[in-house]
**Student:** 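Questions regarding the structure given below will be posed in turn.
Everything numeric here is computed off the predicted structure, so don't read it as measured data. Throughout, protein chains are lettered first and strands after them, A, B, ... in sequence-line order, and every chain is numbered starting at 1.
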Amino acid sequence: MLLAEVAATSDAVAATRSRLAKRAAIADLLRRTATGTAPGHDRADDLEIVVAYLAGSLRQRRTGLGYAALRDLPPPADEPGLTVREVDAAFAAMAAFEGPGSAQARSTATGELFGSATEREQALLRGLVSGELRQGALDSVMVDAVAEAAEVPADAVRRAVMMRGATGPVASAVLLADDPIAALASFTLEVGRPVRPMLAQSAPDIAAAFEKLAPDGDAGLCVDVKLDGIRIQVHRDGDDVLVVTRSLDDITARVPEIVEVVRALPTRRLVLDGEALAVDEDGVPRPFQETAARSATRESGRGRGAPAEAELAEQLRLTPFFFDVLHADGRDLVDDPLRDRLAVLDEVAAPHTVRRLVTADADAAAEFFAGALREGQEGVVVKTLDAPYAAGRRGAGWVKVKPRQTLDLVVLAVERGSGRREGWLSNIHLGARNPQGGFTMLGKTFKGMTDETLAWQTRRFRELEVEDDGWVVTVRPEQVVEIAFDGLQRSTRYPGGLALRFARVLRYRDDKSAAEADTIDTVRLLAGF
DNA sequence: TTCCGACAGTGGGGTCGCAAT
DNA sequence: ATTGCGACCCCACTATCGGAA
């Protein structure tokens with residue numbers, strides 16, 4: 001399969017807004033790849049690569065290439081000639097470079113690859129490397145396209161992808177099989193192979209979450225405490241333990257304390273879903289930044305600065321809290337309703353479980369939510385007891401509720417938008433009043449803006465413009481905006497030493513002047529540091 | 001015919017490790 | 001030692017398509 005054919009398909013996908021047309025264009029290329037002239041095992045390879053590229057990603061998880069690697073590229077080739085397998089091999093080689101000189105070698109290889117690509121092929125490769133293909137189709141459209149090409153139900157493909165944890169292998173299996181349905185059915189839960197985690201939607205409050213999950217109000221719901229850590233999926237087969245993150249990244253070597261906890265459980269074969277975080281002696285959660293630092297640190301206590309690192313790791317242990325179980329000693333539980341899975345969870349994972357309340361009473365749930373916040377937890381997740389573990393899809397089975405704080409801040413500058421926001425001023429810089437009569441920047445946001453808001457603020461900030469460096473437009477600090485956010489965190493980037501977490505625009509306030517905006521002292525008080 | 005679920009896009013702050021400077 | 005970059009952790013929100021109601 002030629003890269004040029006993939007590029008042409010990607011262009012066709014980008015050219016239409018219809019998802020059905022996108023799906024059809026991708027399915028067409030998948031069929032051609034599956035019936036190509038390449039020998040059998042190469043066809044499987046071709047398919048996996050084509051699936052990755054048309055879903056907007058490379059097959060390599062990490063290549064060492066990013067946005068900066070695309071700055072100085074050679075002129076494009078006149079004629080196409082690259083095959084997808086050659087391209088995949090080139091990226092695999094780049095991913096393998098390490099040590100001194102690796103950056104140079106990577107740069108040289110990048111030049112060679114891009115120099116062999118035509119203009120359209122270069123555009124595709126740039127999109128894949130930067131992760132911004134912007135063709136209006138990613139993995140979900142790909143799953144539907146695989147189903148169309150193989151003439152099987154999309155739900156069956158989606159389920160196989162969830163079990164396999166990846167789309168490429170499922171696509172190549174189903175498209176090359178004599179019996180596609182049987183091929184899909186062969187992807188089942190396997191202890192030791194990560195599955196796509198089930199995700200949650202969000203609701204503004206408990207009442208809304210209950211309305212979403214139990215509109216009739218009579219069904220009992222599960223209300224879990226939501227912990228502010230990192231998602232973990234744990235597989236155990238005897239003494240073999242695997243810990244992966246939400247994106248199925250293997251972090252086992254970084255979290256020996258979690259491995260220990262799991263090995264000490266009585267059940268020998270397990271797949272558990274949960275959250276890991278740092279807590280103090282009283283069980284009070286540490287700030288998310290500490291959990292993040294601990295979980296991002298590779299194998300602790302070796303090499304440079306070993307003692308300090310080992311100490312840090314000893315103090316900052318991550319504690320796992322499990323809220324779901326997908327397999328226990330030969331029994332697959334994925335299709336069982338949550339109420340049954342919870343019964344098993346309490347048997348196999350106690351006492352390392354998330355605190356929960358089962359109730360049909362929204363007021364009781366609201367009190368439980370308030371209690372969780374008093375404990376210093378992030379919020380709650382409300383779940384229907386009847387639903388199976390529907391991984392990979394955001395479905396309405398789980399709904400998270402978190403508290404929301406607000407501040408009235410002043411816009412200090414605004415950045416140009418990109419993609420569908422090209423031509424608009426988009427990302428705003430936010431400041432709080434400071435005692436010196438100026439403003440202290442606390443972060444930026446582009447969230448919460450409708451197209452109408454974008455049009456309005458583009459006009460408004462042009463009126464207030466004092467400088468435009470081509471990317472950032474600095475404005476007179478006069479426009480007040482009401483900002484919602486999840487909390488404050490320590491920052492080395494911003495002058496006040498703190499920054500907003502998940503800031504978004506609620507509304508512009510024309511009833512307030514900048515002199516009435518919130519002060520940095522107020523913000524500090526909120527932060528508590 | 002209208003409604004709403006699912007998806008893609010548009011970026012946010014922080015953390016680490018690594019190579020180059 | 002410092003800096004820049006890549007890769008991941010946590011994400012919220014809006015517009016849009018197309019199937020459900």
**Student:** Provide a list of protein-nucleic acid N or O atom pairs under 3.5 angstrom, restricted to nucleotides 19-21 of chain B.
**Tutor:**
from   : atom 1 : to     : atom 2 : distance (Å)
B:dA19 : OP1    : A:G99  : N      : 2.4
B:dA20 : OP1    : A:G101 : N      : 3.3
B:dA20 : OP1    : A:A103 : N      : 3.4
B:dA20 : OP2    : A:G101 : N      : 3.1

**Student:** Which whole-number value in Å describes the distance from A:R62 CZ to C:dC5 P?
**Tutor:**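 So the two atoms are 18 Å apart, to the nearest Å.
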**Student:** Which residues pass the salt bridge (charged side-chain N to carboxylate O under 4.0 Å, His left out) test with A:R404, sequence neighbours left out?
**Tutor:** none
**Student:** Give a yes or no on whether a salt bridge exists between A:E148 and A:R23, defined as a side-chain N under 4.0 angstrom from a carboxylate O.
**Tutor:** yes
**Student:** Rounded to whole angstroms, how far apart are CG on A:L199 and C1' on B:dA6?
**Tutor:** 12 Å
**Student:** Grab the NZ-C1' distance between A:K212 and B:dC3 for me, whole Å please.
**Tutor:** 15 Å
**Student:** Would you indicate what A:K22 reaches in the nucleic acid, counting non-hydrogen atoms under 4.0 angstrom: base, sugar-phosphate, or nothing?
**Tutor:**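 Counting heavy atoms under 4.0 Å across all strands, no contact is made by A:K22.
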**Student:** Any chance you could lay out the side-chain hydrogen bond (donor to acceptor under 3.5 Å, both in side chains) test for A:Q479 and A:R460, step after step, and finish with the verdict?
**Tutor:** CA-CA 9 Å; A:Q479 181 63 51; A:R460 172 68 173 152; 2.6 Å; yes
**Student:** Who are the salt bridge (charged side-chain N to carboxylate O under 4.0 Å, His left out) partners of A:R416, not counting sequence neighbours?
**Tutor:** A:D468
**Student:** Would you mind classifying the nucleic acid contact of A:S202 as base, sugar-phosphate or nothing, using non-hydrogen atoms under 4.0 angstrom?
**Tutor:**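 Answer is nothing: A:S202 stays at 4.0 Å or more from every strand.
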**Student:** Rounded to whole Å, please give me the gap between CZ in A:R404 and C1' in C:dA12.
**Tutor:**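 One finds 12 Å between C1' of C:dA12 and CZ of A:R404, rounded.
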**Student:** For A:K383 and A:M198: C-alpha separation, side-chain torsions, deciding distance, then whether side chain to side chain contact (heavy atoms under 4.5 Å, CB included) applies.
**Tutor:** CA-CA 11 Å; A:K383 305 173 174 178; A:M198 184 161 176; over 6 Å; no
**Student:** Using the side chain to side chain contact (heavy atoms under 4.5 Å, CB included) criterion, which residues pair with A:T522? Sequence neighbours excluded.
**Tutor:**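 With sequence neighbours excluded, A:T522 shows a side chain to side chain contact (heavy atoms under 4.5 Å, CB included) to A:D518, A:T519, given in chain and number order.
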**Student:** Within the structure shown, what part of the strands sits under 4.0 Å from A:A484 by heavy-atom distance: base, sugar-phosphate, or nothing?
**Tutor:**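 Contact class for A:A484: none.
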**Student:** Taking only residues two or more places apart in sequence or in another chain, which ones pass salt bridge (charged side-chain N to carboxylate O under 4.0 Å, His left out) with A:K402?
**Tutor:** A:E378, A:D486
**Student:** Calculate the interatomic distance between A:R61 atom CZ and C:dG6 atom P; express it in whole Å.
**Tutor:** 17 Å
**Student:** Using a 3.5 Å distance criterion without hydrogens, assess whether the side chain of A:T16 forms a donor-acceptor pair with backbone atoms of A:V13.
**Tutor:** no
**Student:** I want to check one thing: is the phosphate of B:dA6, taken as OP1 and OP2, less than 4.0 Å away from some side-chain N or O of A:S140?
**Tutor:** no
**Student:** What's the closest nucleotide to the A:D451 side chain, out of C:dC8, B:dG17, C:dA15?
**Tutor:**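 That would be C:dA15.
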**Student:** Checking side chain to side chain donor-acceptor pair (under 3.5 Å) between A:Y389 and each of A:D273, A:D324, A:D335, which is the one that passes?
**Tutor:** A:D273
**Student:** Starting from the 5' end of DNA chain C, give me the residue, A:T450 or A:K226, whose nearest nucleotide shows up first.
**Tutor:**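 Nearest nucleotide further toward 5': that of A:K226.
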**Student:** What integer distance in Å separates A:Q60:CD from C:dG6:P?
**Tutor:**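 The answer, rounded to whole Å, is 16 Å.
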**Student:** Residues in side chain to side chain contact (heavy atoms under 4.5 Å, CB included) with A:A214, at least two apart?
**Tutor:** A:A219, A:L221
**Student:** Identify, between A:V129 and A:A503, the residue whose nearest nucleotide on DNA chain C lies closer to the 5' end.
**Tutor:**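 The answer here is A:V129.
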**Student:** Along nucleotides 9-15 of chain B, 5' to 3', which nucleotides get a B, which get an S, and which get a -, given that the test is a protein heavy-atom distance under 4.0 Å?
**Tutor:** SBBBSSS
**Student:** Between the protein and nucleotides 18-21 of chain C, list the N/O to N/O atom pairs that are separated by less than 3.5 angstrom.
**Tutor:**
from   : atom 1 : to    : atom 2 : distance (Å)
C:dG18 : OP1    : A:S18 : OG     : 2.8
C:dG18 : OP1    : A:R19 : N      : 2.8
C:dG18 : OP1    : A:L20 : N      : 2.8

**Student:** Tell me: CG of A:L70 to P of C:dC5, nearest whole Å?
**Tutor:** 12 Å
**Student:** What stems involve DNA chain B, if each pair must be Watson-Crick or G-U and both of its distances must be under 3.5 Å, with 3 or more such pairs in a row?
**Tutor:** B:1-6 with C:16-21, B:8-21 with C:1-14
**Student:** Students often get this wrong, so: under 4.0 angstrom with heavy atoms, is A:T291 touching a base, only sugar-phosphate, or nothing?
**Tutor:** nothing
**Student:** Sub-3.5 Å donor-acceptor pair from the side chain of A:Q289 to the main-chain atoms of A:R490, do we have one?
**Tutor:**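 It does hold such a pair.
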**Student:** Heavy atoms only, 4.0 Å cut-off, all strands: where does A:V505 land among base, sugar-phosphate and nothing?
**Tutor:** nothing
**Student:** Expressed in angstrom and rounded to an integer, what is the separation of A:R196 atom CZ from B:dA6 atom P?
**Tutor:** 16 Å
**Student:** I want to verify a distance call: between C:dC13, C:dC9, C:dA7, whose nearest atom is closest to the A:R504 side chain?
**Tutor:**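 The nucleotide sitting nearest to the side chain is C:dC13.
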**Student:** One thing to verify: whether A:R158 and A:D144 come together as a salt bridge, which I'm taking to mean a side-chain N less than 4.0 angstrom from a carboxylate O.
**Tutor:**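 Here A:D144 pairs with A:R158 in a salt bridge, since their nearest N and O are under 4.0 Å apart.
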**Student:** Once side chain to side chain contact (heavy atoms under 4.5 Å, CB included) is applied, do any residues pair with A:D249, and if so which ones, sequence neighbours excluded?
**Tutor:** A:R61, A:T245, A:S247, A:R254
**Student:** Report the residues that fulfil side chain to side chain contact (heavy atoms under 4.5 Å, CB included) with A:A92, sequence neighbours left out, ordered by chain and then residue number.
**Tutor:**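 Partners of A:A92 by the side chain to side chain contact (heavy atoms under 4.5 Å, CB included) criterion, ordered by chain and then number, come out as A:Q60.
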**Student:** Using the test salt bridge (charged side-chain N to carboxylate O under 4.0 Å, His left out), find all partners of A:R193 that sit at least two apart in sequence or belong to another chain.
**Tutor:** A:E190
